[in-house]
Amino acid sequence: MKRFPLLLAALALASLLGCSDFGKVDQGRVVAFDKDAKKVTFIRDKKADPAAPDYNGLPPVVYQMPVDPAETGPAPKAGLRMKLDTQKSQIVIFDPQAQAFKTINFKIHDIQENVDKDHPLVFDKEASKAKQFPMVDKAKKTVTIYSGRQKLLVTFSVPDEYMAWPDATWDAGDEVRVYYKDEGKALRFMNISKTDIFKK
């Protein structure tokens with residue numbers, strides 16, 4: 001874990017320099033992770049802006065994880081949600097079968113705004129851990145999603161055909177960053193979503 005600050009410095013330097021001898025940096029949101037084969041698949045973030053990422057880089061990219069465990073952070077969580085737009089009542093997901101994005105219209109049943117990650121609606125203080133989302137209620141045909149970045153907790157319903165899709169359809173995968181020199185082969189891997197760069 002002590003190597004993460006060094007990794008961040010290396011990634012930042014590589015990002016500034018762009019390429020060549022220092023390799024390249026790639027990052028995005030994970031849509032698949034093969035733990036046994038140590039392969040991660042993600043959708044590129046075209047903006048690389050933490051406040052407003054733009055996951056629209058198709059096709060998805062696949063990287064072989066580093067062999068050295070010291071160059072790898074926590075294992076990533078995969079999810080298919082790319083964008084949640086409550087103004088338009090739409091959610092954008094990555095469809096693995098079609099290898100394309102799909103925009104699904106939904107009907108909002110409830111929405112809570114300005115919900116911080118330690119809010120009782122999303123954090124179990126007694127158990128000292130975050131509540132699990134998405135919550136899929138097959139009987140009521142509703143999906144409840146929490147977006148920490150948008151500070152939104154929203155419950156909505158989608159057309160019946162989508163209720164049979166896996167729960168991970170509505171979940172956002174971890175944001176990850178890789179440092180590489182050869183295409184598809186990560187020399188260093190960082191799980192941005194699960195790394196506290198300020199923790200000592």
Side-chain angles (χ1 to χ4, degrees), residues 1 4-5 8 11-12 15 25 27-33 42-57 73-95 101-160 162-163 165-177 190-200:
M1 296 298 289
F4 278 120
L8 285 172
L11 292 176
S15 180
V25 175
Q27 69 178 58
R29 176 168 283 180
V30 175
V31 294
F33 175 56
F42 62 79
I43 303 293
R44 281 194 173 110
D45 177 3
K46 288 293 189 179
K47 286 186 177 178
D49 177 357
D54 185 11
Y55 304 107
N56 66 4
K77 176 192 69 173
L80 302 181
R81 189 178 91 221
M82 297 292 110
K83 184 178 181 181
L84 174 66
D85 189 335
T86 56
Q87 296 297 315
K88 295 181 179 179
S89 294
Q90 292 180 331
I91 186 170
V92 178
I93 64 167
F94 173 69
D95 183 347
F101 298 123
K102 182 184 289 289
T103 300
I104 302 172
N105 295 315
F106 57 70
K107 178 182 178 182
I108 296 177
H109 293 269
D110 184 66
I111 183 168
Q112 301 290 328
E113 300 177 320
N114 299 315
V115 180
D116 289 317
K117 294 181 180 180
D118 59 351
H119 193 285
L121 287 173
V122 298
F123 188 82
D124 187 335
K125 187 175 181 179
E126 189 171 319
S128 190
K129 65 178 183 180
K131 296 181 180 179
Q132 294 297 306
F133 294 95
M135 296 180 181
V136 179
D137 191 324
K138 300 287 187 183
K140 295 182 179 179
K141 299 182 178 180
T142 59
V143 178
T144 300
I145 285 174
Y146 173 62
S147 170
R149 176 183 290 113
Q150 295 170 277
K151 296 185 177 182
L152 287 174
L153 179 64
V154 57
T155 298
F156 58 83
S157 58
V158 294
D160 289 348
Y162 297 112
M163 289 307 299
W165 288 37
D167 290 0
T169 300
W170 318 111
D171 201 5
D174 284 343
E175 296 172 45
V176 300
R177 183 178 299 159
M190 183 171 67
N191 187 330
I192 300 171
S193 298
K194 294 178 179 172
T195 301
D196 183 354
I197 63 174
F198 300 106
K199 186 176 181 179
K200 295 182 179 180

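Just so you know, these numbers come straight off a predicted model, no measurement behind them.
- For Y162 against K102, the heavy-atom pair with the smallest separation is OH-CD, 3.6 Å.
- The nearest pair of heavy atoms linking F133 to L153 is CE2-CD1, 3.6 Å.
- The heavy-atom pair separating L84 from V154 by the smallest distance is CD2-CG1, 3.9 Å.
- Taken from OG in S147 to CG in L152, the straight-line distance is 6.0 Å, to the nearest 0.5 Å.
- Considering CG of N56 and NZ of K46, their distance stands at 6.5 Å, rounded to 0.5 Å.
- With values rounded to the nearest 0.5 angstrom, K140 atom NZ is found 12.0 Å from M163 atom CE.
- Without hydrogens or angle criteria, K194 side chain to A75 main chain gives a donor-acceptor distance under 3.5 Å.
- A salt bridge is absent between D45 and R29: the closest approach of a Lys/Arg side-chain nitrogen to an acidic carboxylate oxygen does not fall below 4.0 angstrom.
- Closest non-hydrogen pair, V176 versus F42, comes out as CG2-CD2, 3.7 Å.
- Atoms CD1 and OG1, from I108 and T86 in turn, are 5.5 Å apart once rounded to the nearest 0.5 Å.
- Of the listed residues (T144, D137, D110), just one forms a side chain to side chain donor-acceptor pair (under 3.5 Å) with T155, and that residue is T144.
- Residues V143 and M135 fail the side-chain proximity criterion, which asks for heavy atoms closer than 4.5 Å.
- Here side-chain hydrogen bond (donor to acceptor under 3.5 Å, both in side chains) pairs that include residues 117-128, with residues two or more places apart or in two chains, number zero.
- Under a 3.5 Å cut-off, the side chain of Y146 and the backbone N or O of K131 do not form any donor-acceptor pair.
- Under the 4.5 Å side-chain criterion, counting only non-hydrogen atoms from C-beta, M82 is in contact with V31.
- Under the 4.5 Å side-chain criterion, counting only non-hydrogen atoms from C-beta, T103 is not in contact with F101.
- Taking all atoms of both residues into account, the shortest heavy-atom contact from I145 to R81 is CG2-NH1, 3.0 Å.
- Under the salt bridge (Lys or Arg N to Asp or Glu O under 4.0 Å) rule, E175 has a single partner from K77, R149, R44, which is R149.
- Not a single ring-ring contact (aromatic ring centres under 6.0 Å, His included) links F33 to another residue, sequence neighbours left out.
- V136 has its side chain out of reach of W165: every pair of non-hydrogen atoms, C-beta onward, lies at least 4.5 Å apart.
- Nearest approach of D167 to P134, heavy atoms of both residues: O-CG, 3.4 Å.
- Shown are T169, I104, N105; of these, the side chain to side chain contact (heavy atoms under 4.5 Å, CB included) with V158 is made only by I104.
- In this structure, CG in L121 is found 6.0 Å from CD in Q112, a value given to the nearest 0.5 Å.
- In the displayed structure, Q132 atom CD is contacted under 6.0 Å by at most 12 heavy atoms of other residues, nucleotides or ligands.
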